[in-house]
Amino acid sequence: MSETLEYLTPEQVAQFRTNGYLKIPGFLEPAEVETLLTRTQELLEEFNVESHPLTKFTTGDDNHIGDDYFLTSGDKIRYFLEEDAVDKDGKLNRDKTRAVNKIGHGLHEHDPSFRKITLENEKMRAVVRDLKFHHDPVALQSMVICKQPQIGGEVPEHNDSTFLYTNPPTALGFWMPLERCTPQNGALSFLPGSHLSAPITKRFVRLPGGGTGFEQLVAPEEAPKSPEGTYVLEECMPGDLVLIHGSVLHKSERNTSAHTRYAYTFHMVESAPYAEYDGKNWLQPTPGTPFPHILDVPNAAVVPVGA
Ligand code: FE2
């Protein structure tokens, strides 16, 4: 396998397969990081608070408005707020640029700077070819995660294929810190090898009556026990790339520091006929914006990783 690798080393490929994630130091050039950071600041400045549903509406209909704003965000650039940045009257309790939890989910399509890193990036394609994780991957969503100082919310243990489900599960995350990630500002931590022992037991879906929820794929009494092991905290530098297998368990703590923890992340899944992406998923492609393919020539062969 090693003679065909373009960017990764055989050790890195093996590490990804064993641990379910891989940190690649210095994947982005400093100038690329700077461009994405600047663009993030600009997007935060462009955030129009007046027209945002969670701050504009304060009635019991909030949830539906919020649901629509979320459910139709796949091909747009939208703003999702930190829970602790909105007071009970639906007003921001701090500057808008310090109130946004994340910006998504169509940055890779609609913002030229993020598009360049995601869809027009030969180095990214080389990683995809080296991993042989997908035959013909498509990018389906992208986000800047802000993890704001003091209030940046905790993300509890989860795997990504629950939220970006295909049959069989094929999600793969690309996570790129734009700033240093430390134990104090909510660096990611992973349970190595959990992608091999923690099957996808539920999926995040659009509910028939509106809104979103979980559909169980395995009856609770048949679900395997949570895998044992010790979480590994991965401190990161700006420009690192962390590849995240869709089944590996990971989490991040609240940002209790005085510093932001901006990161850009996007996900790929396998496309048909290799995997099925159905209409139950919260995120749906639209006729005008189908999920873009990453490779010009699909990988001839993939090497399955774990469950
Ligand atoms: Fe995740």
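Ligands are counted one by one from 1 in listed order, and the atoms in each one are counted from 1 as well.
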For the Fe ion (ligand 1), how many protein N, O or S atoms come closer than 2.8 Å?
-> 3

Ion pair Glu122/Arg129, N-O distance below 4.0 Å = yes

Matching residue for Ser142 among Glu109, His108, Arg115 - test: side-chain hydrogen bond (donor to acceptor under 3.5 Å, both in side chains) = His108

Thinking salt bridges, do Asp84 and Arg94 make one under a 4.0 Å N-O criterion?
-> no

Angle class for the Phe70/Phe204 ring planes (parallel below 30°, perpendicular above 60°, tilted otherwise)?
-> perpendicular

Hey, does the side chain of Glu154 reach the backbone of Lys251 with a donor-acceptor pair shorter than 3.5 angstrom?
-> no

Run the side chain to side chain donor-acceptor pair (under 3.5 Å) check on His134 and Glu270 step by step: do they pass?
-> CA-CA 6 Å; His134 295 128; Glu270 182 70 279; 5.8 Å; no

